[in-house]
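Source: prediction; values computed, not measured. What's counted below: heavy atoms across the whole structure, side chains too, no hydrogens, waters or symmetry copies. Sequence lines set the chain letters: A, B, ... in the order given, protein chains first and strands last, and positions in each chain run from 1.
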2 protein chains.
Amino acid sequence: MSAVRLLVLGAVRRHGRAHGYQVLNDLESWGAHEWSTAKPGSIYHALKQLAKQGLLLAHEIAPSTAGGPPRTEYEITRRGAEEFLSLLREALVSHDQRMDVLSSGVGFIVHLPRREAVALLEERLQRLQQWRGSVTDHYAPEDGPGQLGHVGEIMHLWVHSADAGAQWTRGLIERIEDGAYTFEGEEEPSVGVPAEDEDHSRHA
Amino acid sequence: MSAVRLLVLGAVRRHGRAHGYQVLNDLESWGAHEWSTAKPGSIYHALKQLAKQGLLLAHEIAPSTAGGPPRTEYEITRRGAEEFLSLLREALVSHDQRMDVLSSGVGFIVHLPRREAVALLEERLQRLQQWRGSVTDHYAPEDGPGQLGHVGEIMHLWVHSADAGAQWTRGLIERIEDGAYTFEGEEEPSVGVPAEDEDHSRHA
DNA sequence: GGTACTCTACTCAAAGTTGAAGAGAAGGGA
DNA sequence: TCCCTTCTCTTCAACTTTGAGTAGAGTACC
């Protein structure tokens with residue numbers, strides 16, 4: 001899964017209607033050019049592909065002043081919005097070793113209801129755990145331990161990073177459960193709100 | 001930088017001469033199919049490209065039994081070996097958010113002299129540190145802290161992962177300095193060796 | 001001795017990514 | 001006014017990656 005689709009879809013969604021350069025600027029303002037593969041080429045390409053697949057609707061705009069490049073505005077479709085949510089869920093849940101996917105997911109996390117966000121992050125924890133197990137298995141089969149030599153350092157690296165990822169995820173879950181940020185369907189900025197009624201049965 | 005070139009070059013180097021399928025199996029035996037993008041398509045493609053660029057030499061093998069696909073064996077060239085070392089150094093040093101590059105680097109680290117390995121990892125530490133700084137800068141400019149909202153979680157994620165990476169790197173440096181593993185130019189399996197004479201001026 | 005499975009070995013079209021470049025408009029100073 | 005730079009907006013060729021497909025050869029069962 002590439003982060004670009006999620007990023008582009010999310011950016012267009014925010015604007016209602018946007019052309020490539022706006023999307024570009026949006027992503028830049030989020031710092032996305034630092035941590036993702038979203039460069040002009042990829043973005044314009046993604047816009048075209050998404051339009052071809054019916055997830056965006058392309059409107060050709062004839063430039064009023066005559067001259068200038070033919071610009072195209074894009075609008076998100078119903079299917080596009082669905083795809084956005086589905087990519088977002090996938091990004092939060094999956095242990096994809098590429099951090100840009102996760103970062104994008106975090107960037108859009110407030111577009112989900114608070115409860116779902118927590119549930120997805122908990123699913124993420126489980127998958128991390130499971131993957132950690134599969135790594136240690138793969139590198140310590142029946143030949144006994146310590147036979148690996150320096151290649152065992154690769155396993156070490158992955159385990160270390162899985163643990164760090166899990167720790168970060170737990171921190172985020174905690175902050176969200178404590179009422180940080182404003183999620184989909186919530187109105188008030190949640191500063192110092194007491195536990196909400198509908199929320200007292202978390203972890204159910 | 002893609003991990004595939006390094007991986008393929010390293011695999012061919014080990015064998016002296018290898019065809020695509022051997023490389024594939026090699027990588028699989030290192031678990032590389034789990035943590036890298038090295039799939040059959042990428043590997044065959046990389047072999048062809050590397051040959052085209054003069055880093056590998058292609059030998060067409062006419063199949064003895066007549067029939068079967070036309071297989072090609074590859075041999076590493078002098079320039080290929082140089083490129084291998086250069087990619088390896090880059091992989092160890094660069095903070096490339098893709099872990100497959102680092103993993104490949106670790107997998108080949110013993111093909112460098114012990115001293116150089118340590119030096120490169122120390123360089124890596126510095127770069128991580130520097131990058132960590134640039135992330136916190138980007139997300140906390142002049143608008144005062146705490147204005148970020150949930151997007152600040154992205155920064156949190158990156159900082160967390162930079163710290164985890166640094167910690168792992170320090171651990172590896174320590175193990176290497178303590179004599180673990182056998183590096184380029186060393187003969188004996190280094191169990192319990194005392195500090196070597198040529199090595200007492202590390203950190204110079 | 002057929003048929004089903006797995007292993008060896010490679011190819012290809014479609015999609016994604018990179019890095020550079022193109023071309024008009026807008027500002028600003030000599 | 002003319003030139004220079006910077007900003008807006010997009011395209012393109014070259015390269016890489018993906019995911020599925022092709023195809024022969026061993027082997028193993030019943």
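Within the 4.0 Å cut-off from OP1 or OP2 of C/dA15, not a single side-chain nitrogen or oxygen of A/Arg5 is found. Between D/dT10 and A/Arg71, no contact under 4.0 Å exists linking OP1 or OP2 to a side-chain N or O. A sub-4.0 Å separation between OP1 or OP2 of C/dT17 and a side-chain N or O of A/Ser2 is present. Within the 4.0 Å cut-off from OP1 or OP2 of D/dT11, at least one side-chain nitrogen or oxygen of A/Lys48 is found. The side chain of B/Tyr44 places no N or O atom within less than 4.0 Å of a non-bridging phosphate oxygen (OP1 or OP2) of C/dT11. Considering only side-chain N and O atoms, A/His45 lies nowhere under 4.0 angstrom from the phosphate OP1 or OP2 of C/dA15. Under 4.0 angstrom from either OP1 or OP2 of C/dG16 there lies at least one side-chain N or O belonging to A/Gln49.
Aromatic ring pairs are classed by plane angle as parallel below 30°, tilted from 30° to 60° and perpendicular above 60°; the pair B/His95 and B/Trp131 is tilted.
Within 4.0 Å of A/Gly20, counting heavy atoms only, lie sugar-phosphate atoms of the nucleic acid but no base atom.
Under the 3.5 Å distance criterion, with hydrogens and angles disregarded, a donor-acceptor pair is assigned to the side chains of B/Gln53 and B/Arg5. Between the side chains of A/His59 and A/Glu75, a donor-acceptor pair is found at a separation under 3.5 Å. There is no side-chain donor-acceptor pair under 3.5 Å between B/Trp168 and A/Ser161. Residues A/Glu153 and B/Tyr181 bring a donor and an acceptor atom of their side chains to less than 3.5 Å of each other.
We find that CG of A/Leu6 is positioned 14 Å from P of C/dG16, with the value rounded to whole Å. Protein atom NE2 of B/His33 is 16 Å distant from nucleotide atom C1' of D/dG19, rounded to whole Å. If you take CG of B/Leu47 and C1' of C/dC10, they are 11 Å apart, rounded to a whole angstrom. Nucleotide D/dT10 holds its P atom 11 Å from the CD1 atom of A/Ile43, rounded to whole Å. Across the protein-nucleic acid pair, B/Asp26 atom CG and C/dT8 atom P stand 13 Å apart, rounded to whole Å. Between A/Leu24 atom CG and C/dT18 atom P there is a gap of 13 Å when expressed in whole angstrom units. Rounded to whole angstrom, the span from the OH atom of B/Tyr74 across to the C1' atom of C/dA9 amounts to 12 Å.
Comparing D/dT18, D/dC9, D/dT11 by their nearest atom to the side chain of A/His19 picks out D/dC9.
Checking B/Lys39 against B/Lys52, the closest nucleotide of DNA chain D that is more toward the 5' end is the one next to B/Lys52.
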